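One structure below.
Chain letters run A, B, ... following the sequence lines, proteins first, then strands; residues in each count from 1. From a predicted model like this one, the values you see are computed outputs, not experimental measurements.
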2 protein chains.
Amino acid sequence: MRQTILIFSVIAVSLLILLNLRKLSLLSTDGDDEIWTVSFATVFMFIGVLLSRYLFLRRTEGKSVAMPDPEAQLKRLGITQREHEVLRLVAEGYSNQEISNALFISESTVKTHVSNVLVKLDARRRTQAVQKAKELKIL
Amino acid sequence: MRQTILIFSVIAVSLLILLNLRKLSLLSTDGDDEIWTVSFATVFMFIGVLLSRYLFLRRTEGKSVAMPDPEAQLKRLGITQREHEVLRLVAEGYSNQEISNALFISESTVKTHVSNVLVKLDARRRTQAVQKAKELKIL
DNA sequence: GCTGATTCGGTACTAAAGTATGAGGTTAAT
DNA sequence: ATTAACCTCATACTTTAGTACCGAATCAGC
């Protein structure tokens with residue numbers, strides 16, 4: 001959150017600075033106009049690149065630094081034994097139906113478990129849950 | 001390569017257009033100056049974001065190629081560059097919709113690619129495809 | 001005995017994923 | 001110039017996945 005504020009602050013400040021610089025430039029010489037325009041574009045393109053990268057990394061990396069203890073991770077996330085078991089099978093590429101057959105429970109139950117795991121891992125798809133789980137070393 | 005040319009063309013054209021627009025604006029009224037400046041910044045920031053995203057996708061694609069012998073595997077399986085790219089994003093946990101946004105193509109196209117990958121990897125679900133792909137070291 | 005956590009399961013629904021098929025456009029090789 | 005391989009996109013459809021909400025059985029610990 002601090003970083004977000006910082007980024008927007010940088011953008012705002014850059015805007016103000018360039019705004020004023022260009023005004024001064026216009027007061028002195030009109031010949032530098034295009035140079036300013038190009039610099040302007042470059043700077044903001046650069047900011048755009050940084051912004052995009054920040055957003056993307058934030059989305060893909062998430063929390064990479066954590067304790068490498070799987071047990072503690074599971075406990076911290078509140079993921080139960082059964083949910084972990086289901087998650088493992090999800091990661092293997094099995095469908096809910098197949099998982100229900102493998103564990104001798106109904107598909108409804110599997111769905112419940114998967115859904116709970118998604119919430120606990122803050123994922124919206126099973127593929128994402130698998131990805132996050134592997135990052136957290138719990139798979 | 002086509003995309004690279006296209007991107008730089010877009011940048012160049014945008015520059016020229018905005019350059020001329022601002023000139024006209026300056027000739028008529030000085031009050032709109034700041035509005036133009038802001039629009040200008042916005043547009044180039046947007047271009048920066050697009051550029052960054054493009055670069056990011058290219059970079060990670062190259063990284064995956066550096067592993068053991070994925071090229072031969074991909075060729076053997078008949079998986080194309082684009083399909084591989086989509087598969088990579090699938091493995092990251094993105095939805096078809098998100099992938100379509102990331103690659104600037106429609107969701108239909110993503111579905112087509114995914115479907116083709118499933119056939120080529122002999123998988124019936126995307127999670128299974130990811131699993132098999134990792135076993136084959138192509139992810 | 002009561003409580004909380006876990007597990008199991010159901011219904012009813014919405015959202016994604018996947019299939020099948022056709023078609024147009026680009027590019028590289030023949 | 002024609003072919004072949006890719007990439008793109010669309011429509012229409014079926015199948016899975018996922019959500020929301022609920023009830024009930026089990027079991028450990030107080």
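Crowding of B:Glu135 atom CD: a count of heavy atoms from other residues, nucleotides or ligands under 6.0 Å exceeding 12. Within 6.0 Å of the NZ atom in B:Lys134, the count of heavy atoms belonging to other residues, nucleotides or ligands exceeds 12.
Remark on DNA chain D: of its neighbouring residues B:Ser108 and B:Arg125, the 5'-side contact belongs to B:Ser108, judged by nearest-heavy-atom nucleotide.
Applying a 4.0 Å cut-off to non-hydrogen atoms, the residues of residues 80-97 of chain A that approach DNA chain C are A:Thr80, A:Gln81, A:Arg82, listed by residue number.
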Test A:Gln128 against A:Lys132 for side-chain contact (heavy atoms from CB on, under 4.5 Å), laying out the working first.
-> CA-CA 6 Å; A:Gln128 197 178 6; A:Lys132 288 199 174 188; 4.2 Å; yes
In sequence, state the C-alpha distance, the side-chain angles, and the governing distance for B:Val110 and B:Leu103, and then conclude on side-chain contact (heavy atoms from CB on, under 4.5 Å).
-> CA-CA 9 Å; B:Val110 175; B:Leu103 300 180; 5.6 Å; no
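For the residue pair B:Ser115/B:Thr112, the side-chain donor-acceptor check at 3.5 Å is not satisfied. Between the side chains of A:Arg82 and A:Asn116, no donor N or O sits under 3.5 Å from an acceptor N or O.
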Could you list the protein-to-nucleotides 23-25 of chain C atom pairs, N/O on both sides, closer than 3.5 Å?
none

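Nucleotide D:dG18 holds its C1' atom 15 Å from the CG atom of A:Leu121, rounded to whole Å. Note: CG (B:Leu103) to C1' (D:dC9) measures 15 Å, nearest angstrom. The distance from atom CD of A:Glu107 to atom P of C:dA12 is 16 Å, rounded to the nearest whole Å. Atom CD1 of B:Ile99 and atom P of C:dA16 are 13 Å apart (whole Å). Whole-Å rounding puts the B:Lys75 NZ to D:dC6 P distance at 10 Å. In this entry the distance linking CD of A:Gln128 with P of D:dG18 reads 11 Å, nearest Å. The NE2 atom of A:His113 sits 10 Å away from the C1' atom of C:dG9 (whole-angstrom rounding). Per the geometry, NZ belonging to B:Lys120 stands 16 Å off C1' belonging to C:dG18, to the nearest Å.
Between the NZ atom in B:Lys111 and the CD1 atom in B:Ile99 there is a gap of 12.0 Å [rounded to 0.5 Å]. A distance of 9.0 Å separates CG of B:Asn101 from CD of B:Glu107, quoted to the nearest 0.5 Å. From B:Thr127, atom OG1 reaches atom CZ of A:Arg126 across 5.5 Å, with rounding to the nearest 0.5 Å. Taken to the nearest 0.5 Å, the CG atom of B:Leu136 stands 9.0 Å off from the CG atom of B:Leu74.
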Run the side-chain donor-acceptor check on residues 117-124 of chain A: report pairs under 3.5 Å with partners two or more places apart or on a different chain.
| unit_1 | atom_1 | unit_2 | atom_2 | d |
| --- | --- | --- | --- | --- |
| A:Lys120 | NZ | A:Gly78 | O | 2.7 |
| A:Lys120 | NZ | A:Glu83 | OE1 | 2.7 |
| A:Lys120 | NZ | A:Glu83 | OE2 | 3.1 |

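Sorted by first and then second residue, the pairs that involve residues 93-102 of chain B and meet salt bridge (Lys or Arg N to Asp or Glu O under 4.0 Å), not counting sequence neighbours, are A:Arg125-B:Glu98.
With the end axes of the helix from C:dG1-D:dC30 to C:dT30-D:dA1 each set by five pairs, the angle from one to the other reads 50° at 10° resolution.
In this model, the phosphate group of C:dC8 is not approached by any side-chain N or O of A:Thr109 to a distance below 4.0 Å at OP1 or OP2.
Heavy atoms only, all atoms of each residue included: A:Leu139 and A:Ala91 are closest at CD1-CB, 3.8 Å. The nearest pair of heavy atoms linking A:Gln73 to A:Ile138 is CB-CG2, 3.5 Å.
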Give the B/S/- string for nucleotides 19-30 of chain D, one per nucleotide from 5' to 3', where a protein heavy atom under 4.0 Å of the base yields B, of only the sugar-phosphate yields S, and otherwise -.
-> S-----------
